[in-house]
Amino acid sequence: MTEFDLIKKYFTDRQPPQSDISLGIGDDCALMSPRAGMQLAISTDMLIEGRHFFQGADARMLGHKSLAVNLSDLAAMGATPRAFTLALALPDIQPDWLRDFSQGMFDLADQHQCQLIGGDTTKGPLTISITVFGEIPIGQALRRGAAKEGDDIWASGTLGDARLALAGYLKQQHLSEEHQQQAAVRMHMPTPRIALGLALRGIAHAAIDVSDGLIGDLNHILESSDSGATLWCEALPVGPVLAQHNINLQREFALAGGDDYELCFTASSDQRPAVLAAAKQAGTEVTRIGFIEKKKGLPRLHLLDANNQPINLSLHSFDHFYEPGN
Ligand code: ADP
Ligand code: MG
């Protein structure tokens with residue numbers, strides 16, 4: 001099978017064409033234009049075997065996750081997905097793997113009417129790089145720098161189960177087979193919170209998706225907005241599997257575990273009913289976990305326990321270049 005046969009068989013004509021994309025796969029470039037009054041939101045995420053997923057990972061779930069982590073960035077901006085490109089490096093051509101990978105990817109793409117419009121295919125260590133294109137009414141993006149003093153901080157869904165699954169695989173924690181399986185779904189099949197991101201347009205101020213861990217990702221909002229924040233650890237929406245483990249592990253994984261792909265966002269406190277209505281409309285739970293305040297030096301983020309006493313945790317969110325001890 002040649003590179004061109006592969007593209008044709010697994011990636012071309014798999015979806016009904018969208019009328020507003022004027023040219024998809026097959027030419028030197030794809031062509032699309034944003035609708036009137038809209039701007040494009042564009043994001044790229046790369047997944048490398050051995051770094052972002054284990055060797056031999058299930059191909060269908062990998063197809064899902066590769067697109068899901070990209071759609072999650074659109075969700076965090078309040079963007080509607082429109083199209084994506086796929087750059088794929090493969091060590092060799094394995095038809096079963098390609099069939100399953102593309103199926104997992106297109107199943108999710110079709111849920112969001114997001115069309116594959118191009119890409120690149122090459123031989124090399126297994127690497128998947130997707131670029132997504134979304135659309136937002138001009139000026140309505142939920143930007144990291146938009147948090148305001150006094151804003152509530154909210155988190156969607158639950159946190160920490162993806163990190164728990166990783167701990168199980170790495171034998172850092174002993175998990176029953178049942179717990180491992182339940183938590184693994186969160187790690188391998190994240191749900192991008194697209195509907196919530198859209199419903200929060202005009203309501204939320206700042207938003208980010210939790211990919212590297214809540215404290216690290218929230219810190220990006222705090223830095224961009226030049227503010228501080230307090231979180232109530234008791235309020236954290238801990239994943240259902242993690243909730244059955246001890247409180248210290250719950251805190252650590254809910255605060256610093258990655259791969260949850262929930263949204264963390266801020267909104268003015270007088271928007272509480274609107275936030276709850278948006279969450280209901282999107283079918284996603286949201287929990288109020290703290291508030292934005294004036295920056296009082298570093299660290300920007302303060303953690304309180306159930307008795308409103310400060311907690312000192314030296315937690316690091318996931319960073320590819322972070323070495324413990326440095
Ligand atoms: P070029 O040499 O002009 O870069 P390619 O031979 O790489 O073109 O690709 C041919 C067509 O197939 C282009 O439209 C490209 O966008 C598309 N394509 C290549 N690889 C993929 C892929 N993995 N998924 C989707 N489309 C792809
Ligand atoms: Mg090319």
Side-chain angles (χ1 to χ4, degrees), residues 51-54 65 69 72 76 153-191 193 208-223 228-266 285-292 298-326:
R51 172 136 293 266
H52 302 92
F53 57 91
F54 295 121
K65 184 165 180 175
V69 302
S72 178
I153 302 173
W154 299 81
S156 70
T158 64
L159 301 167
D161 273 359
R163 178 66 182 85
L164 183 66
L166 179 65
Y169 288 126
L170 297 177
K171 307 258 183 272
Q172 295 168 340
Q173 287 293 322
H174 176 75
L175 299 187
S176 68
E177 203 163 308
E178 194 189 346
H179 277 189
Q180 181 71 53
Q181 271 178 14
Q182 289 167 352
V185 175
R186 282 305 302 268
M187 181 178 169
H188 299 306
M189 296 288 285
T191 305
R193 301 298 187 191
I208 193 166
D209 64 322
V210 181
S211 53
D212 296 333
L214 178 65
I215 46 175
D217 289 321
L218 177 56
N219 244 308
H220 295 313
I221 288 184
L222 301 181
E223 280 169 14
T230 292
L231 288 187
W232 308 299
C233 287
E234 286 307 300
L236 293 170
V238 172
V241 191
L242 181 56
Q244 298 171 56
H245 291 251
N246 79 63
I247 185 74
N248 290 329
L249 196 73
Q250 289 184 29
R251 270 189 194 150
E252 182 184 336
F253 284 3
L255 287 166
D259 257 8
D260 290 312
Y261 299 98
E262 295 295 350
L263 296 186
C264 172
F265 59 95
T266 82
E285 302 239 337
V286 293
T287 308
R288 199 152 53 83
I289 58 172
F291 56 91
I292 299 287
L298 295 175
R300 292 172 181 274
L301 186 58
H302 300 275
L303 305 173
L304 297 181
D305 70 13
N307 302 315
N308 277 339
Q309 296 304 305
I311 304 177
N312 275 320
L313 288 178
S314 62
L315 295 177
H316 292 275
S317 63
F318 188 75
D319 177 339
H320 288 284
F321 297 102
Y322 171 75
E323 303 282 351
N326 282 355

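Only a predicted model underlies this, so the values are computations on that prediction, with no experimental measurement involved.
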- Item | Side-chain (Asp217) to main-chain (Ser211) donor-acceptor, under 3.5 angstrom | yes
SG (Cys264) and CG (Leu231) are apart, to the nearest 0.5 Å, by 7.5 Å
I want to check something: taking the side chain as every heavy atom from C-beta on, are Pro190 and Asp259 in contact at a cut-off of under 4.5 Å? no
CD1 (Ile215) and NE2 (His220) are apart, to the nearest 0.5 Å, by 11.0 Å
- Query: Is Arg288 close to Trp232 at the side-chain level, that is, under 4.5 Å between some pair of heavy atoms?
  - Reply: yes
Open item on the list: With heavy-atom distances below 4.5 Å as the criterion, would you say the side chains of Thr158 and Leu242 are in contact?
Closed with: no
Hits for salt bridge (Lys or Arg N to Asp or Glu O under 4.0 Å) against Arg186, two or more places apart or cross-chain, chain-then-number order -> Glu262
Between the CD1 atom in Ile221 and the CZ atom in Arg300, the distance rounded to the nearest 0.5 Å is 12.5 Å
TODO: Please lay out, stage by stage, how Gln244 and Gln250 fare under the test side-chain contact (heavy atoms from CB on, under 4.5 Å).
DONE: CA-CA 9 Å; Gln244 298 171 56; Gln250 289 184 29; over 6 Å; no
Here the pair of heavy atoms bringing Ile289 nearest to Ala235 is CG2-O, 4.0 Å
Between His179 and His245, does the side-chain contact (heavy atoms from CB on, under 4.5 Å) criterion hold? Intermediate values first, please. CA-CA 10 Å; His179 277 189; His245 291 251; 3.4 Å; yes
Flag side-chain contact, heavy atom, 4.5 Å: Leu222 against Ile292:
yes
| field | Atom CD of Glu285: over 12 foreign heavy atoms under 6.0 Å | value | no
Paired with Ser72, the side-chain hydrogen bond (donor to acceptor under 3.5 Å, both in side chains) test is passed by just one of Thr191, Asp209, Asp260, namely Asp209
For Leu255 and Cys233 the tightest heavy-atom approach is CD1-SG, 4.2 Å
Ring pair (Phe, Tyr, Trp, His ring centres under 6.0 Å) filter on Phe54, not counting sequence neighbours, yields Tyr169
Looking only at heavy atoms, the pair that brings Met187 and Ala165 closest together is SD-CB, 3.8 Å
Hey, is the main chain of Ile311 close enough, under 3.5 Å, to the side chain of Asp305 for a donor-acceptor pair? no
Rounded to the nearest 0.5 angstrom, the CD1-CG distance for Ile208 and Leu214 is 9.5 Å
One pair to check against side-chain hydrogen bond (donor to acceptor under 3.5 Å, both in side chains): Gln173 and Arg163. What are the steps and the verdict? CA-CA 11 Å; Gln173 287 293 322; Arg163 178 66 182 85; over 6 Å; no
All heavy atoms of Ala183 vs all of Asp161, minimum pair found to be CB-O, 3.4 Å
When every non-hydrogen atom of Ala155 is compared with those of Pro237, the smallest separation belongs to CB-CG, 4.2 Å
dist Leu218:CG -> Leu301:CG (nearest 0.5 Å) comes out at 5.5 Å
Smallest heavy-atom separation, Gly168 atom then Gln180 atom, equals CA-OE1, 3.2 Å
